[in-house]
Structures are given as structure tokens and as C-alpha cells.
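Residue numbers begin at 1 in each chain, while the letters A, B, ... track the order of the sequences. Any value given below was found using the heavy atoms of this structure, including those in side chains, with hydrogens, waters and symmetry copies removed. Because the structure is a prediction, the values reported are computed rather than measured.
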Amino acid sequence: MLDIRLVRDQPDFVKARIATRGGDDARKIDELLAIDAERRKAETQLQQLNGERKRLSKEIGGRRSRGESSDELEARVRAIGDEIGRLGDEATASETRQRDLLLRIPNLPHADAPMGKDASDNPVVRSWGEKPHFDFPPLDHAALGSKLKLFDLERAAKLSGSGFICFTGAGAKLERALIYFMLDLHTREHGYTEISPPFLVRRDCMIGTTQLPKFEPDMYGLEENQMFLAPTAEVPVTNFHREEILAAPDLPKKFVAYTPCFRREAGSAGRETRGIIRVHQFDKVELVKITRPENSYEEHESLTANAERVLQLLGLHYRVIELCTGDLGFGSAKTYDIEVWSPGQNAYLEVSSCSNFEDFQARRMELRFKDADGKNRFCHTLNGSGLALPRLFAAVIECGQQRDGSVRLPEILLPYFGAAEIRRDA
RNA sequence: GGUGAGGUGGCUGAGUGGUCGAAAGCAGCGCUUUGCUAAAGCGCCGUACCCCAAAAGGGUACCGAGGGUUCGAAUCCCUCCCUCACCGCCA
């Protein structure tokens, strides 16, 4: 959520920044300002009337205790009360409209964000390692998975419909090995505190991390309970300290959480549907930071590096791209995507998206800290996958495949998986 | 799911219709005294929003949330949320 005062003071600046995203959200700014003026006008009048009522009511109390008549005063206050009721409704309506609108206006891209229209304009920031070479035609993960019985999509569909995965045997074990490996790495070497949060969250939390109200059609909700299946651990973990005022020395807070993620993927039917690349439920290890505003961009770099470390230790080739203004997510000011190489798809797969939301989420969830002057200020929030599982899983088996159909696993997984290879007969 | 008790400022806790944004204590900040520490004394010490070009200053709201009664609500009524205790059910 943008700071209404910033919008008020520098509307042209705000409009220009938002316009870089494309779309017509900049138009909403004028509407917002109109509502804001209306709201403040009603509020000011309301406050004057409230003051008057307060004064007169005290006067009534005084007169009554002295045994004097207060009839004419009571009539006046009653009339003021009616007016207060009317104006109050007006003020509340404006307030609601303002908030609703504010919740649907995206964050301002960072001043240095690369300009661009869509994903094709995203610059590559760096890459690591090299594409593996095969002296045989490599299979994609779907073929490998079914040959080695690592997952069973047909039977998963029987249980839950298309777009669900059922890992089996060595596949289930490999998934678990990857999760354990990543959690250990981030807790032991990168200093994150592990969180195992609820997967069902309240509406307010979904608003806090910007999934709602705009993206409600993409979310799984439980109508009667007004709860939602978290589409990412970002939701429960970032909201962990919502409506709190943290002590400055306690920042940054660094959390890592492994959770399943639930997404309707409405409207993406037919895209990337082969195998386990795009599904309704997947596992993910997520990194979340709550920082002071001054150093959130440093923390953003290190968070991204922490996520990259996973791929480096697994020996998987990847590249990091920065999202251009046109491709940036709704709440993000700056985002790096990490993409691992998939020989089977002959393409890079997004396995992590590391974003700095600045105070955009914090303002929505009233997440603050007390600075050295004793003033309450909004924190900055960041998150990034560290990493998303099905795609990482796909890259691991595709890159490790051998001519005989077996898969050689990265050495670092040996203590977690208990074997160096996955063979057909296993 | 049932019954009961509760939700007041950073914390403890008083307040059952009017002058209560809220006693008191603790914690915190500042000053005085002091060789230093300790102790004591005095003062300050919530949040949000609005008015004002800004500062100074002024105002309004907020006692879990929302509605209602009333001239006036922390206080009375209703609904909901949450916490605690016991009972039932269940992995």
C-alpha cells in the first residue's frame, strides 16, 4: 500500500513511477486524490461536530447535577447527533473507498529498475556454471520421472485432478532430501530461523502480503471459514509479526520455512503443463526478511545470494535476471528471478523470485519498528524462494541423467538421500 | 461442539453512565543530589488521523472488532473474534 501522503504531496511523481509498469493504474491516482479530499473534508466537519457534542454533553451533565433544566441543550445535541450520524456515514464510505482503491494500486518500482514492457525486456544480471553436455539425447523430467517411477501424475489426477503431483518411492525421498538440505543450509550457514507455519491463513494476512484483494481468483479459499490456503509461505511468515512494533536491534529478522503452496493457476491452462513445472500444489522452501529501511537493499542482495547458494552446491547451471518495470510483481519494488537450466525443456526455469517490497506490505500489515529516536516506522519486507521444489527436482534429475537411464545425484545430497544414484530397479 | 471466566496504555492493574485518554505501580527517558555505583526527589513518557504552507499549536477518535441504546458509553445491550479453564469429540 502506498503512503497516501506521498501520493498527495507528489502525485505526478507517483503517477510517472506507476506508469512505468504499463497498464492504466496511474489513472487510479486521480480518483484516489479526489476521494482523499472528500474524505478529509467530511472528517474535519465530523470532528468539529464531535467536539461540540462533547462540550454540550458535559454542560448537560453539569446542569443536571445542579438540578437545572437542560432540555433545550439536549434538543440541540440530539440534532447534532443526527448530523454526526449522517456525516459519519459519509466519512466511513469515503474511507472504505479510499482503502479499497489503495489496496489495488501497485507499488512504485525502484528508481533503478530497468525499464521494459514484459518478460522479454528482463536483463540477465549474471549466470553461474555451464549447461551440461550429453553424448545422448537427454530426456525431460516427465519421461525420466515415469521411467524411474519418481512420481505418478495419472494417479495424482485420480486423487485430485490434473495439476497435482504424487511423488513416489525414490522420487518422494529425493524431494525430502532436497527440502532437508535446503533447510539445513539456510539455518546453519545463512543464519535463518526455521518456521513451520499454518497453511491456512486469514483474509487479513492475504491482504497484508498483497495476494488480496486483487488476485483472489488465483487463490484457494474456504468460503465458510473465510480462510485461504497459503499460495506461498511468504504469507504466514511475513505476517508473523503483523501489527507489531519491533525493537530496532532485533532487525533484521530472517526466517526460512518449508511449506506446500496452493495455487489455482486460473487462466494458465495449457501453459507449461507437461510434467511438474506448473501445478496447483507444490512444496517450497521460502526465505523471508524483515529489515530496517536503510539496509533493505543490501539484505535483498544477500537473500538472493543465499538462494543462489542452493544451486551452486547442487552444481546446477543458472542465471539471475532482474525484472523490468513492466514485469515486476504487484507489490515489489525490485525483483531478481533465479532460473535454473533445464536440459529437458531446453530452457531456463524460474525456481526463485527474490523481492524487496520496501514498506508496501508492512504498511498493509502495520508492521513497524521503533527507531533510535523512539519513532515508529514501517519495516521493509523481503522474500525469495530458496527454492521451489518441483522445478528444482526436475533440473536435478534432468542434469544428472546418464546414458543407461539412471540419474546421478549431486554429491551434497548423499547424506540426505543415502545413495549416489537413482536406478530403474531401485 | 458445550459450559464458564475474561480481553483496559510496553507490562501489572484500577475504573459499572458524565469533568476518564483513562488512577496506581513497574519499565523507559531527562534533570537534581553524588567521587563512582546505588538510592532518593522532580519532570516527561500511547497510537492514528484531521486542521495549519511548515513548525509551534489546536482538535477528533481509539479501553478486542463491529453495531445498538443514550443528550453523553471503557462502563448498559446485541453480534463476532480471540484467550484461559473444564467437559465432549478427534489425528
A:K41 NZ to B:C50 C1', in whole Å, measures 15 Å
Along nucleotides 56-61 of chain B, 5' to 3', which nucleotides get a B, which get an S, and which get a -, given that the test is a protein heavy-atom distance under 4.0 Å?
---BBS
Which is true for A:R39 with a 4.0 Å heavy-atom rule: it touches a base, it touches only sugar-phosphate, or it touches nothing?
sugar-phosphate
What is the base-pairing partner of B:U60, counting Watson-Crick and G-U wobble geometry with both distances under 3.5 Å?
B:A48
Ignoring backbone atoms, test whether A:R8 places a side-chain nitrogen or oxygen under 4.0 Å from the OP1 or OP2 oxygen of B:C50.
yes
Just verifying a value: how many Å separate A:L178 CG and A:L314 CG, rounded to the nearest 0.5 Å?
6.5 Å
If you measure from CZ on A:R104 to CZ on A:F330, what distance do you get to the nearest 0.5 Å?
8.5 Å
Pairing nucleotide - B:C42, Watson-Crick or G-U, each distance under 3.5 Å
B:G30
For B:G28 versus B:C90, give the span between their C1' atoms, rounded off to a whole number of Å.
48 Å
Can you tell which of A:R8, A:K28, A:R5, A:R99 makes a salt bridge (charged side-chain N to carboxylate O under 4.0 Å, His left out) with A:D36?
A:R8
Write down the partner of B:C36 under the Watson-Crick or G-U wobble criteria, each distance required to be under 3.5 Å.
none
Can you tell whether the side chains of A:K284 and A:E234 come within less than 4.0 Å, N to carboxylate O?
no
Using the C1' atom as the point on both nucleotides, what is the distance between B:G72 and B:A56, in whole Å?
33 Å
Would you say B:U70 has OP1 or OP2 under 4.0 Å from some side-chain N or O of A:R64?
no
Atom-to-atom span, CD of A:E43 to P of B:C52 - whole angstrom
13 Å
Do the charged groups of A:E59 and A:R63 touch, with an N to O distance under 4.0 Å?
yes
Distance check needed: B:U70 C1' versus A:L73 CG, whole Å only.
16 Å
Distance in angstrom units between A:N376 CG and B:C45 C1', rounded:
13 Å
What's the verdict on side chain to side chain contact (heavy atoms under 4.5 Å, CB included) for A:R55 and A:K58, showing C-alpha distance, side-chain angles and the deciding distance?
CA-CA 5 Å; A:R55 244 185 343 270; A:K58 280 185 186 173; over 6 Å; no
Judged by atom type as modelled, is there a donor-acceptor pair below 3.5 Å linking the side chain of A:T325 to the main-chain atoms of A:G116?
yes
Partner lookup for B:A91, please. Criteria are Watson-Crick or G-U wobble with both distances under 3.5 angstrom; report none if nothing qualifies.
none
Rounded to whole Å, the CE-P distance (A:M1 to B:A48) equals 13 Å
Report the base-pairing partner of B:A24 (Watson-Crick or G-U wobble, both distances below 3.5 angstrom), or none.
B:U12
Rounded to whole Å, please give me the gap between CD in A:E243 and C1' in B:C62.
14 Å
What does B:A53 pair with, Watson-Crick or G-U, if both distances are under 3.5 Å?
none
Would you indicate which nucleotide in B:C71, B:C49, B:C51 comes nearest to any side-chain atom of A:R5?
B:C49
Return the 5'-most residue of the pair A:G61, A:T92 with respect to RNA chain B, ranking by each residue's nearest nucleotide.
A:G61
I'd like to know if A:R76 pairs up with A:E72 as an ion pair, taking the criterion as any Lys NZ or Arg NE/NH1/NH2 lying under 4.0 Å from an Asp or Glu carboxylate oxygen.
no
Taking only Lys NZ, Arg NE, NH1 and NH2, and the carboxylate oxygens of Asp or Glu, determine whether A:R188 and A:D184 approach each other closer than 4.0 Å.
yes
Any carboxylate oxygen within less than 4.0 angstrom of a Lys/Arg side-chain nitrogen, looking at A:E31 and A:R27?
no
Report the base-pairing partner of B:U70 (Watson-Crick or G-U wobble, both distances below 3.5 angstrom), or none.
none
Please measure how far the P atom in B:A73 lies from the corresponding atom in B:U19, and state the result in whole Å.
10 Å
With both distances under 3.5 Å as the test, what is the Watson-Crick or G-U wobble partner of B:A85?
B:U3
Touch class at under 4.0 angstrom, heavy-atom based, for A:I60 against every strand present:
base
Separation of A:K370 atom NZ from B:C11 atom P, in whole Å?
12 Å
Quote, to the nearest angstrom, the P distance that separates B:U47 from B:A22.
15 Å
Protein-nucleic acid N or O pairs under 3.5 Å, nucleotides 78-84 of chain B:
none

Distance check, C1' atoms only: B:G21 and B:U60, in whole angstrom units.
12 Å
Could you check how far CG of A:L56 sits from C1' of B:G18, rounded to whole Å?
13 Å
Sticking with atom P, work out how far B:G64 lies from B:A53, rounded to a whole angstrom.
37 Å
In this structure, is the centre-to-centre distance between the rings of A:F199 and A:F262 below 6.0 Å?
no
B:A65 and B:G59: how far apart are their C1' atoms, nearest whole angstrom?
26 Å
So that I can tick it off, tell me whether A:E216 and A:R203 are bridged by a salt bridge, with the cut-off set at under 4.0 angstrom between side-chain N and carboxylate O.
yes
Using the P atom on both, measure B:A24 against B:G15 and round to a whole Å.
15 Å
